[in-house]
Peer 1: 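Mind looking over this structure? Questions follow.
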Amino acid sequence: MKLKTRIHVFTTLLMFFILAGLSIGIYFLFEKMTYERQAGQLMARGEKLTAELNEIAPADANMVIRAYMPPDGALHIIGADERVIRKVESDSRLRNFTAEPSGNGPYTITDIKGVPAVTVAMPFISTGGEVAELRITQLADDIAHELSLLRLILTGLTAAAMIPVIVSSVALGRIVTRPINVLTGTMRENREKGAYEKIDEGHGRDELHEMALAYNDMMDQLGRNYEKQERFVSDASHELKTPITVIESYARLLKRRGFDDRNVADEAVGAILSQAVRMKELTAQLLDLARSDRAAAYSFKQADIRDIAEETVRPMRQAYGREFVVEGPEKLLADTDPDKLRQLLFILLDNARKYSDGDVRLALEKTDGRVELSVADHGPGIPEADLPHLFDRFYRVNSDRNRKTGGTGLGLALAKEIADGLGAELTVESVIGVGTVFRICFASSRPKRHHAVTE
Ligand code: ADP
């Protein structure tokens, strides 16, 4: 059964049962109260009659009984053995009626040709000193009429109330299922077209709006990931083509000429090795790039930035025998992902080392809740025209000049992705002949994450 139909059927049935239950309750309450009222009146009449019968002479009994006879009623005096001592009636419909002894309740109702008759009974000592029972019966035409009118009104009211219930349950079904249908339709279309279409988020602040937001966020992320994957595949195949071609052509050369010519063999093996190393570096960086923007890959905590800086430069000093100067406060606490920040600093410090000869400076600073880390060198600098492209993948300034450094052109692209993941700004300033400064700037404390969905 469709969700819309289920909502419709469930709310309609529920409301029907509530209304029908209420109506039935009201009906029976009214019926009970009316019969009780009538029985009360008959009891009062009976009590007065028994009191009078005790006081008057037996000859006047008939007259008194007639005086207390209810209209449309009957009066029975029943002896101990259920023998009818006296019976009088004021309505022909009760001529053949004999009042039954009352059951558990204070009154009994008997059906006389479709009309209810209320009978009450009370003990009574007859003039002859015999224990008897007085049973007074009255036909309740007016009650029967009132009850049938009440049945009609309640049925009519229930039916009338069901109309808005049905209309609102249909509307409710539509309100709930419309966005689901839109979502399903968009998902189906996206699957068929291989697209990442979003849905209208609407203006409400309800759960359906949250669902649309969550779906659109997911589409955004899927789209970004797909683009990234495509770019990764095309970048990887493009960049790996050159070293593979070089390796292939040297391998063919070795196959053709064998190892007889020592010089050729040395050159071929050397080239194959260097291209293999380059390919290894390339694939490692490409994989890093592909993974770098996954939110789950970052885990933030409070850390001492000075410690991170020192830990990053220490192995570099040893490996390259170069001076890496760390400047700034001895302790600088901030929220970050220490591993990712170390990776980012390493890329910048390694570039500064590769593209300059002198000291490399890493300065730390904290102002107004922001932390700034700058990596400065006194290298040849980067031409202004190249600066806007520096963070593009595979972009290299003056490739020929940089070939000897063995770079891939992926370092700064990766640095930018990591900076984005860390919520940091990465900028560069460079003056030809003076040097280059890369700056990483981020808030020292991260705002607490809050969930969009409100309960
Ligand atoms: P790679 O260093 O592997 O070539 P990067 O993306 O790290 O790739 O750098 C891109 C280019 O930016 C480098 O080829 C180099 O020309 C230039 N570059 C990066 N850092 C510096 C620097 N500190 N000084 C001068 N040039 C730099």
Side-chain angles (χ1 to χ4, degrees), residues 228 231-232 234-236 238-243 246 274-293 309 312-313 316-317 319-320 322-327 340-364 372-422 424-441:
K228 224 171 139 55
R231 218 147 41 107
F232 174 81
S234 77
D235 287 353
H238 178 261
E239 286 305 307
L240 291 172
K241 222 182 268 167
T242 317
V246 174
S274 80
Q275 292 304 324
V277 170
R278 184 171 156 72
M279 262 168 59
K280 194 171 126 189
E281 196 183 325
L282 251 172
T283 41
Q285 277 187 317
L286 276 169
L287 284 173
D288 255 359
L289 257 178
R291 289 194 206 108
S292 61
D293 81 337
T312 317
V313 297
M316 298 185 81
R317 278 191 197 122
Y320 303 110
R322 289 267 298 269
E323 192 47 56
F324 291 89
V325 186
V326 182
E327 291 169 346
K340 294 285 175 191
L341 184 62
R342 235 174 260 132
Q343 196 182 356
L344 170 56
L345 280 176
F346 178 80
I347 296 171
L348 301 181
L349 289 165
D350 198 44
N351 273 354
R353 168 195 71 79
K354 279 194 294 189
Y355 302 111
S356 77
D357 297 322
D359 291 356
V360 175
R361 267 173 209 287
L362 169 55
L364 322 178
E372 188 181 283
L373 286 83
S374 56
V375 176
D377 64 58
H378 299 292
I382 302 164
E384 215 178 321
D386 291 305
L387 290 178
H389 309 289
L390 219 54
F391 300 107
D392 295 350
R393 289 179 179 198
F394 302 109
Y395 190 82
R396 307 198 73 202
V397 180
N398 191 351
S399 316
D400 287 342
R401 192 187 78 197
N402 291 338
R403 185 125 298 155
K404 66 174 172 46
T405 62
T408 57
L410 285 174
L412 287 179
L414 180 57
K416 182 81 180 87
E417 296 258 357
I418 297 173
D420 286 347
L422 288 173
E425 238 178 285
L426 178 60
T427 52
V428 57
E429 275 170 44
S430 191
V431 179
I432 295 289
V434 177
T436 306
V437 184
F438 281 92
R439 282 182 223 284
I440 307 164
C441 196

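Counting convention: from 1, in listed order, for ligands and their atoms alike. FYI, side chains are in, hydrogens and waters are out, and symmetry mates aren't considered; it's all heavy atoms of this structure.
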Peer 1: Using 0.5 Å steps for rounding, measure from the CD atom of Gln343 to the CG atom of Leu414.
Peer 2: 5.5 Å

Peer 1: Please identify which atoms of ligand 1 are closer than 4.0 Å to at least one heavy atom of Thr436.
Peer 2: 24 (N)

Peer 1: Any idea which part of Ile382 is under 4.0 Å from ligand 1, heavy-atom wise: side chain, backbone, both or neither?
Peer 2: side chain

Peer 1: Which heavy atom of Leu348 sits nearest to which heavy atom of Leu412, and what is that distance?
Peer 2: CD2-CD2, 3.8 Å

Peer 1: Could you tell me, atom by atom, which parts of ligand 1 come under 4.0 Å of a heavy atom of Gly409?
Peer 2: 1 (P), 3 (O), 4 (O), 6 (O), 8 (O)

Peer 1: For Gly411, counting its heavy atoms only, list the atoms of ligand 1 lying under 4.0 Å from any of them.
Peer 2: 5 (P), 6 (O), 7 (O), 8 (O)

Peer 1: Let's go through Arg393 and Gln285 carefully: what are the C-alpha distance in whole Å and the side-chain angles of both, what is the deciding distance for side-chain contact (heavy atoms from CB on, under 4.5 Å) to 0.1 Å, and is it a yes or a no?
Peer 2: CA-CA 11 Å; Arg393 289 179 179 198; Gln285 277 187 317; over 6 Å; no

Peer 1: I need the Ile347 CD1 to Asp288 CG distance, nearest 0.5 Å.
Peer 2: 7.5 Å

Peer 1: Just let me know how Asp377 lines up against ligand 1, side chain, backbone, both or neither, with a heavy-atom cut-off below 4.0 Å.
Peer 2: side chain

Peer 1: Return a yes/no value for Leu412: is any of its N or O atoms, backbone included, closer than 3.5 angstrom to an N or O of ligand 1?
Peer 2: yes

Peer 1: Could you measure the distance from the OH atom of Tyr320 to the NZ atom of Lys354? Nearest 0.5 Å is fine.
Peer 2: 8.5 Å

Peer 1: Give me each pair satisfying side-chain hydrogen bond (donor to acceptor under 3.5 Å, both in side chains) with a member in residues 377-391, each pair once, sequence neighbours excluded.
Peer 2: Asp386-Tyr395

Peer 1: List in chain and number order the residues that pass side-chain hydrogen bond (donor to acceptor under 3.5 Å, both in side chains) with Ser430, two or more places apart in sequence or in another chain; answer none if no residue qualifies.
Peer 2: Thr436

Peer 1: Need the ligand 1 atom indices (1-based, order shown) with element for anything under 4.0 Å from a heavy-atom of Tyr395.
Peer 2: 10 (C), 11 (C)

Peer 1: Which of the numbered atoms in ligand 1 are under 4.0 angstrom from any heavy atom belonging to Ala352?
Peer 2: 23 (N)

Peer 1: Could you check whether any heavy atom of Phe391 sits closer than 4.0 Å to an atom of ligand 1, since that is the contact criterion I want to use?
Peer 2: no

Peer 1: With atoms numbered from 1 as shown, which atoms in ligand 1 lie under 4.0 angstrom from a non-hydrogen atom of Leu390?
Peer 2: 12 (O)

